[in-house]
Amino acid sequence: MVFVNGHFRADLSDDLKANKGIVVDSLKHHLSHGPVKAHYGQVAPIGDRLFTAMNAASPTDGLILLATKGTKTSKPIHVLHITTGGQQLIQPRDLFMLHEGANVEVIIEHIGTDALSSLVNSIRESVIGEGANLTIHLLQNEVNGPAHIGLDGVTIGAKGRFSIDTTTLNGSLVRNEVNVALAGPEAHAELNGVYVLNGTTHCDNHTYIGHDVPDCTSDELYKGIIAEKGTGVFNGKVYVKQDAQRTRAYQSNANILQGDDARIFTKPELEIYADDVKCSHGCTIGRLDEKGLFYLRSRGVSEAEARRMLSHAFMTDVLERITNEDWRKHLASLIDAKLEAL
Amino acid sequence: MEIPGVSNMNFLRTAMNETRKANGQAELGGKDFLTLVRERAKLVEMDADLMNRNLNVGFSGGEKKRNEIFQMAMLEPKLGILDETDSGLDIDALRIVAGGVNKLRSKDNAFIVVTHYQRLLDYIVPDVVHVMADGRIIKSGPKELALELEAKGYDWVKESTGGNSR
């Protein structure tokens with residue numbers, strides 16, 4: 001599915017009826033329908049968040065994805081957002097609804113050209129039913145792209161599973177918020193992120209995982225390399241309610257800084273009110289391992305190549321969590337090309 | 001040195017091709033590389049499993065040494081320095097490592113084998129033996145010199161050459 005400056009372009013998109021029992025369409029056509037009305041604005045409530053209010057006031061367009069009970073996407077649904085031109089306010093609004101046992105995989109790719117003075121303010125709400133499984137691969141590759149503020153609001157039912165991998169390679173000001181509510185027992189959320197920042201790119205990954213009920217698990221791993229005058233931010237919070245016994249939550253953020261002007265602000269947080277839990281959080285900031293560089297160079301690998309190999313290796317464990325092999329390979333080659341340009 | 005995230009194969013291929021590039025040779029394609037890997041792996045009895053694993057990650061001491069010899073077989077240095085290759089190796093590993101070195105020996109390359117013990121030299125038979133003490137070579141001779149040392153100890157050679165004894 002192709003969206004240009006937030007508007008769905010049927011003429012550029014494939015046939016959307018490929019999967020039986022799964023509705024994929026422009027949200028505009030469905031705003032008055034019952035299921036949409038029931039969930040719209042519920043998973044990502046406005047609260048006191050200005051950007052959510054702005055988006056709710058005038059969404060540009062968006063994607064509706066409704067997967068009925070037990071359905072499965074035969075191959076990932078690829079959504080391409082193209083932003084071109086400046087001085088625009090683009091407010092995509094997506095709603096994903098997965099009924100019991102549905103299994104959906106979506107690739108969401110943002111590319112942009114000459115859109116520096118534009119703002120993309122996106123909201124995506126996902127409701128994952130009992131035993132359903134939603135996988136989102138998010139790629140942000142916007143050279144001279146717009147400022148991009150995005151929020152993923154997710155609620156996961158019992159034994160449901162949500163997985164997102166966010167890869168940020170190019171952009172001007174990027175902020176990715178992921179708010180997950182583990183709302184049914186044995187729900188699982190996995191948040192993975194990779195970023196390679198240079199120029200003056202600012203990338204902010206802001207996550208909140210709410211363990212609301214017992215026996216849920218969450219696992220979060222964000223890793224990135226920041227060069228030149230790039231800035232990275234990681235602020236992850238895991239909140240374990242008093243009732244959420246036997247929670248297992250892991251959170252980790254690791255960074256490599258290259259050069260004196262690269263910056264990272266990282267703050268992993270745990271807030272726990274239950275007493276029978278297993279949680280960990282941590283962050284690291286460092287440089288490439290000099291001993292490793294020496295080892296590679298002593299075998300004839302040039303310094304530039306050795307740096308590239310170690311940089312790539314640094315992010316390998318995040319990439320290995322991506323179960324879609326084709327997508328993983330695609331990301332690996334994009335990351336390699338980006339590292340080569342550093 | 002363990003490097004997680006870099007597979008043994010990927011590392012070797014990069015190292016080989018970088019060396020070839022520097023020497024003005026064409027880079028080796030995937031198929032030719034694999035053929036070469038299979039051929040050279042036999043020399044050091046390397047398991048295919050070790051090739052695909054991350055560089056030295058979780059390798060035992062013997063596996064690491066074998067991997068070193070395997071790297072040598074692939075990268076074909078003109079001069080190889082094996083510094084106490086025999087330390088910490090059991091008899092079988094020693095035989096395999098030494099066998100690898102012997103198979104790589106040719107008129108176009110040279111090896112400096114550093115060791116404290118004669119045992120390694122039963123497997124890798126040297127052309128010349130040099131005795132080093134306090135950073136200087138104090139005596140050189142044919143391979144029999146090593147046997148003599150084993151029988152008489154180091155003090156003998158130090159005294160006979162006027163070197164300082166410990």
Side-chain angles (χ1 to χ4, degrees), chain A residues 165 167 192-196 221-225 252-256 258 282 284 286-322 325 328-329 331-340, chain B residues 1-28 30 33 36-37 40 44 46 50-59 63-83 85 104 109 112:
Chain A
D165 49 88
T167 308
N192 299 312
V194 169
Y195 40 92
V196 182
L221 179 63
Y222 282 76
K223 277 187 158 191
I225 294 180
S252 171
N253 172 236
N255 301 279
I256 283 182
Q258 291 186 359
T284 62
R287 298 185 295 184
L288 289 179
D289 177 18
E290 292 294 332
K291 282 184 188 157
L293 281 175
F294 180 78
Y295 184 92
L296 294 176
R297 293 190 65 195
S298 70
R299 268 69 178 168
V301 179
S302 67
E303 184 175 359
E305 185 63 28
R307 285 190 177 278
R308 203 182 57 72
M309 282 175 93
L310 287 185
S311 300
H312 192 111
F314 172 68
M315 292 174 286
T316 304
D317 51 350
V318 187
L319 292 178
E320 275 171 359
R321 289 176 170 219
I322 298 171
E325 202 184 329
R328 188 173 65 230
K329 282 184 181 161
L331 286 182
S333 67
L334 287 178
I335 288 170
D336 267 342
K338 174 85 187 176
L339 289 173
E340 215 148 306
Chain B
M1 189 68 226
E2 300 190 355
I3 305 185
V6 175
S7 80
N8 218 2
M9 291 279 258
N10 184 17
F11 154 66
L12 267 177
R13 194 172 165 192
T14 310
M16 256 189 99
N17 280 334
E18 291 257 307
T19 313
R20 290 177 74 98
K21 243 190 320 195
N23 292 335
Q25 293 166 294
E27 290 191 20
L28 213 56
F33 174 75
L36 194 67
V37 164
R40 298 288 155 88
V44 289
M46 274 276 281
L50 290 185
M51 314 278 191
N52 293 320
R53 264 160 57 185
N54 283 336
L55 189 46
N56 286 347
V57 176
F59 282 33
E63 286 172 338
K64 275 183 189 160
K65 292 230 162 98
R66 216 181 288 183
N67 198 22
E68 290 287 313
I69 303 296
F70 176 60
Q71 286 176 18
M72 199 166 75
M74 293 297 289
L75 300 174
E76 300 176 326
K78 282 209 178 80
L79 173 67
I81 302 177
L82 285 80
D83 191 6
T85 304
L104 295 173
N109 62 18
I112 298 174

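In what follows, chains are A, B, ... by sequence order, proteins preceding strands, each numbered from 1. The figures here come from the full heavy-atom set of this structure, side chains too, leaving out hydrogens, waters and symmetry mates.
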Peer 1: Given that the side chain runs from C-beta out, which part of Leu12(B) has a heavy atom under 4.5 Å from chain A: side chain, backbone, both or neither?
Peer 2: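 Neither the backbone nor the side chain of Leu12(B) comes within 4.5 Å of chain A.
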Peer 1: Grab the two heavy atoms, one from Ala313(A) and one from Pro4(B), that are nearest each other, plus how far apart they are.
Peer 2: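 So the minimum-distance heavy-atom pair works out to CB-O, 3.4 Å.
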Peer 1: When you look at Leu296(A) and Leu55(B), which way does the side-chain contact (heavy atoms from CB on, under 4.5 Å) test go after all the steps?
Peer 2: CA-CA 10 Å; Leu296(A) 294 176; Leu55(B) 189 46; 4.2 Å; yes
Peer 1: Can you tell me how far the CE atom of Met309(A) sits from the OG1 atom of Thr14(B), to the nearest 0.5 Å?
Peer 2: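 OG1 of Thr14(B) is found 4.0 Å from CE of Met309(A).
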Peer 1: Quick one: what part of Asn56(B) sits under 4.5 Å from any heavy atom of chain A, side chain, backbone, both or neither?
Peer 2: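 Only the side chain of Asn56(B) comes within 4.5 Å of chain A.
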Peer 1: Check whether more than 12 heavy atoms from other residues, nucleotides or ligands sit under 6.0 Å from atom NZ of Lys291(A), and answer yes or no.
Peer 2: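 Not buried by this count: 12 neighbours or fewer within 6.0 Å.
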Peer 1: Let me know which of Leu310(A), Leu293(A), Asp289(A) forms a side chain to side chain contact (heavy atoms under 4.5 Å, CB included) with Ile3(B).
Peer 2: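 For Ile3(B), the side chain to side chain contact (heavy atoms under 4.5 Å, CB included) check succeeds only for Leu310(A).
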Peer 1: For Arg299(A), is there an ion pair with Glu68(B) - N to carboxylate O distance below 4.0 angstrom?
Peer 2: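 Answer for the salt bridge query: yes.
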